[in-house]
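Presented below is the structure to which this report refers.
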Amino acid sequence: MATRRILVTGGAGYIGSHTVRLLLERGYDVAVVDNLSRGYRHNVPAGLLYAMDVADTGVLTELMRQLQTEAVVHFAGFIAVGESMVEPARYFTNNVSGSLSLLAAMQDADVKHIVFSSTAAVYGNPHAVPILETFPIQPVNPYGESKVMVETMLGWFDRIHHLTSVCLRYFNASGGAPDGALGEEHAPETHLIPLILRAVLTGKPVTVFGDDYATPDGTCIRDYIHVEDLAEAHILALEYLLAGGASDQFNVGTGFGHSVMEVIRAVEEVAGQKVPYTMGTRRAGDPASLVAGSDKLRAKLGWQPRSSELKTIVQHAWDFARKHA
Ligand code: UFG
C-alpha cells in the first residue's frame, strides 16, 4: 500500500496519541500539529511534532503543501464540559475558531478529507438510550455546542468545496495502550477512571456524583470505549474517506453501559484493593444514562470493538497509572 500522508492535529493528547501510534503501525506517513497546551511532547514519536497552533492558518497551509498532506485527523480542542460552562469563550475560540482556521488552511492547500473528533455531548440529555445518530442535536453546554458548530461548518464545506468529513461522536474514551506507554493524563483530571485509580494510589477518596439516579444501583451509566477501539474507528473513517466515501457522522461506543459503582468494583478486582470513595451529590448537567447505538459504525465501516470490556479498560488504565504515579 502506498504511504498516505496524514496530518494529525492534537496528536500529543490522549486519543490523538493513540491514533498516531496506530496510523504509524499501519504504515501511514504522519505529521502531528499540537500547541502542547493540553497535550504532551512525550506522547509524540521523535521528529513528527510541529509545535504550533491550528489558528496559524498561513503556516498550516504552507506545512500541508510541503508535506503533500492527503487528509487530516482533527483532535485539537478543549474537552472539559465543566470548564466550558465557566469559560465558554475559550471553547468557542479554541474549538470553533481553531477548526475554522484549519478548514481554511485545508482549502488553501487543497486537502479534501477530514476525520473530526465530535462527542456524545452533541445529543445533550437524550430522550432514550441507546442513542442513535438520528436523535435530535441539542447540546446542553458550550463544549457540546462547539462540536455541533464544527459539524455544521463541515456540512457547508462539503456542499460548497467538496471537502468530505467523518464526524466521530465519542462516548467515554478510556483505557490506555496495553504496554503502558500511552494513557489518560489530563490536567486537571475530571474523568472517572483516572480519578478512581488515583484514589487507590493516594488513599484519598474519590467522590461518586450521586446515587439517586433512575438506574439499577442509582449511579450514572456511561458507555466506556477503549481508546484503542476509538483509534481504530479513526483509521476506518480515514480509509473510507480516502476511498471516496461520502461525509457522514457516527457514534463511537460499545452499546453497553456501566454504572459508576460497577467501574469502582472493576477497579477493586483489577487492583486487588478497596477503592476509597465517598458518596456525594449529583454533578450539574450529568444525564443518568448515556449509551451509544453503534450499529451504523459497525455496519458501514466494519468497526468492531476488541478491547472495550470494562475489565480490560481498567487493567490498561491501571497499568498506565501505576507506571506514571
Ligand atoms: N463521576 C463521578 N465522580 C468523579 C468523576 C465522574 O462520580 O469524580 C461520574 C460522572 O458523574 C459520570 C461518570 O462518572 O456519571 C463519567 O464521568 P466523566 O467525567 O468521566 O465523563 P462524562 O460522561 O461526564 O463526559 C464524557 C467525556 C466528555 C463528553 C461526555 C459526553 O469526557 O468529553 O462524555 O456526554 F462530553
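Order of listing sets the numbers, starting from 1, for every ligand and every atom in it.
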Contacts under 3.5 angstrom, residues 192-208 side chains, donor-acceptor by atom type, not counting sequence neighbours:
from	atom 1	to	atom 2	distance (Å)
T202	OG1	R198	O	2.8
T202	OG1	K204	N	3.1

task = Indicate the ring-plane relationship of F135 and Y123, choosing parallel, tilted or perpendicular according to the 30° and 60° boundaries.
result =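 Perpendicular: the ring planes of F135 and Y123 meet at over 60°.
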Check ligand 1 against the protein and report each N/O to N/O distance under 3.5 Å, formatted as atom name, atom name, distance.
from	atom 1	to	atom 2	distance (Å)
ligand 1	3 (N)	T207	O	2.7
ligand 1	7 (O)	F209	N	2.9
ligand 1	11 (O)	D286	OD2	2.6
ligand 1	17 (O)	R283	NH2	3.4
ligand 1	19 (O)	T190	O	3.3
ligand 1	19 (O)	R283	NH1	3.4
ligand 1	19 (O)	R283	NH2	3.0
ligand 1	20 (O)	L192	N	2.8
ligand 1	21 (O)	N172	ND2	3.2
ligand 1	23 (O)	N172	ND2	2.9
ligand 1	23 (O)	R222	NE	2.8
ligand 1	24 (O)	R283	NH2	2.8
ligand 1	32 (O)	H191	NE2	2.7
ligand 1	33 (O)	I79	O	3.4

Any residue meeting salt bridge (Lys or Arg N to Asp or Glu O under 4.0 Å) with E189, in chain and number order, not counting sequence neighbours =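 None.
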ask   = Are the ring centres of F75 and H234 closer than 6.0 Å?
value =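 For F75 and H234, the ring centres are under 6.0 Å apart.
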request  = Look at atom CZ of R41 and say whether more than 12 heavy atoms of other residues, nucleotides or ligands are closer to it than 6.0 Å.
outcome  =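 Open: at most 12 neighbouring heavy atoms sit under 6.0 Å from CZ of R41.
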query = What pairs of residues pass the ring-ring contact (aromatic ring centres under 6.0 Å, His included) test when at least one of them lies in residues 185-204, not counting sequence neighbours?
reply =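 Matches after skipping sequence neighbours: Y14-H186, H186-H191.
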